[in-house]
Amino acid sequence: MSKNAIKFIVVSLILSTVVGGLTFWLTRPTGPQMTPLMRRLTDGVTKEFGEQVPVHRKVETVYILLNSGASRTPEQEFQAGLEEAVHKSGRYKIQDWKTIEKWLEQEANKVTLRNVVNKYLMGKDGTINEPTTLEQLKGVIKELDAANYPDLDGVLVVDIKEFHEGPDEDGFGAKVSVEAKLWSKREDKFVAEVGPISDEITSRLDLRYLQHNAGQTSWLLRFLLWVLISCGLPWGGIQVVRAVLKKRNNSATFTLLGLFTGVSVILAWPLLASFGTGGGTVVALLIAAGAMGYYNYDAIEYINRRLL
């Protein structure tokens, strides 16, 4: 290889490392992040919520009111996911505060804006806040109706009842729960509801908990541990191997070979595949079975020829 080619490769590697490092640093998430396990719980609950969004024949256009008091990023992500699930359900026309605020800021609606702010949205510290309760929204809607605002038929009140990452935040005891009620302007009452929809980790043997914990450990360390144990089986049990070989019984020898290989495959599931269940896991376990089957056969054959 020419010196120019070597220089090109070295410079390319350095530039790739620098660019990759800067990209990671600039695009890295900030603030508290939802753990993969909590994301699995929230994704499942969000999907089910989207399928069960309550409907009523007299309500077509709704305002979504999310009651969570969320201040942490993970719960805010869950809140945004629930709102998106309502949109994707296609069961309503959705009105949000930005749309209403834009309408109120038009010159012809200044009086209504002043009434809405003074009566319902002015905080004790003088700040103007979006509606956060159904009672505030009822008052706002009454003012909007008086000003001939385009139809707003009801309010979907979504209440995040629980968002708990577990006492030790390791996933055990984690729970997510949400429910919703549909308030109808025409009937001035709740006319439909759903939930609570929830999911939680109640056992340390829950497959999702096992997968999460395995994923928190370095894959390289788990791989080295698997290699150490799997490759050491024939040698750690060399006395058993010798006893079986001395019987000169092929069935017993192949049973021992299958036992060693089976233990390696069983260990590969948590250590290499992190308790995975997909097609990739099956392929990985088959590869591990083939590799360790060959290795164990070779080890037993070596013991038979040299160490018996």
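Both backbone and side-chain heavy atoms feed into the values below; hydrogens, waters and symmetry mates do not.
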I need the [X] [atom1] to [Y] [atom2] distance, nearest 0.5 Å.
X	Y	atom1	atom2	answer
F190	H56	CZ	NE2	13.5 Å
K189	K181	NZ	NZ	13.5 Å
N213	F172	CG	CZ	11.0 Å
E162	E179	CD	CD	10.5 Å
L228	W226	CG	CH2	11.5 Å
N115	N109	CG	CG	11.5 Å

Looking only at non-hydrogen atoms, find the nearest pair between [X] and [Y] and report the distance.
X	Y	result
R222	P270	NH1-O, 3.7 Å
S203	Y209	O-CB, 4.1 Å
M292	S230	CE-CB, 3.6 Å
L156	P54	CD1-CG, 3.7 Å
L134	L65	N-CD2, 3.6 Å
A268	L285	CB-CD2, 3.7 Å

Would a distance-only check, ignoring hydrogens and angles, find a side-chain to backbone donor-acceptor pair under 3.5 Å from [X] to [Y]?
X	Y	answer
W269	G276	yes
R186	K58	no
E105	K102	no
T46	D43	no

Less than 4.5 Å apart, side chain to side chain, heavy atoms only: is that true for [X] and [Y]?
X	Y	result
L271	F223	no
Q211	R40	yes
V178	F163	no
V155	V62	no
D188	W183	yes
Y295	V227	no

Q | Pairs meeting criterion salt bridge (Lys or Arg N to Asp or Glu O under 4.0 Å) with involvement of residues 286-306, two or more places apart | A |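 Sorted pair list: E301-R305.
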
Q: Kindly indicate, with the supporting measurements, whether the criterion side chain to side chain donor-acceptor pair (under 3.5 Å) is fulfilled by S177 and S198.
A: CA-CA 4 Å; S177 179; S198 64; 4.7 Å; no

Can a salt bridge be assigned to the pair [X] and [Y] using a cut-off of 4.0 Å between side-chain N and carboxylate O?
X	Y	value
K98	D96	no
D199	R208	yes
R39	E77	yes

[X] and [Y]: same hydrophobic cluster, using ILVMFWY side-chain contacts below 4.5 Å?
X	Y	result
I238	Y297	yes
I266	L272	no
W235	L257	yes
V240	F254	yes
F275	L41	no

Q: Verify the distance criterion only: is there a donor paired with an acceptor across the side chains of N304 and R248 at less than 3.5 Å?
A: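 A pair is found: one side chain offers a donor N or O, the other an acceptor, under 3.5 Å apart.
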
Q. Just checking, is any N or O donor in the side chain of Q52 or E48 under 3.5 Å from an acceptor N or O on the other one?
A.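 Result is yes, a qualifying pair exists.
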
Q. Name the one of T61, D145, D153 that satisfies side chain to side chain donor-acceptor pair (under 3.5 Å) with K185?
A.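 Single side chain to side chain donor-acceptor pair (under 3.5 Å) partner of K185 among T61, D145, D153: D145.
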
Q: Could you walk me through whether V45 and F78 pass the side chain to side chain contact (heavy atoms under 4.5 Å, CB included) test, one step at a time?
A: CA-CA 10 Å; V45 169; F78 179 40; 4.1 Å; yes

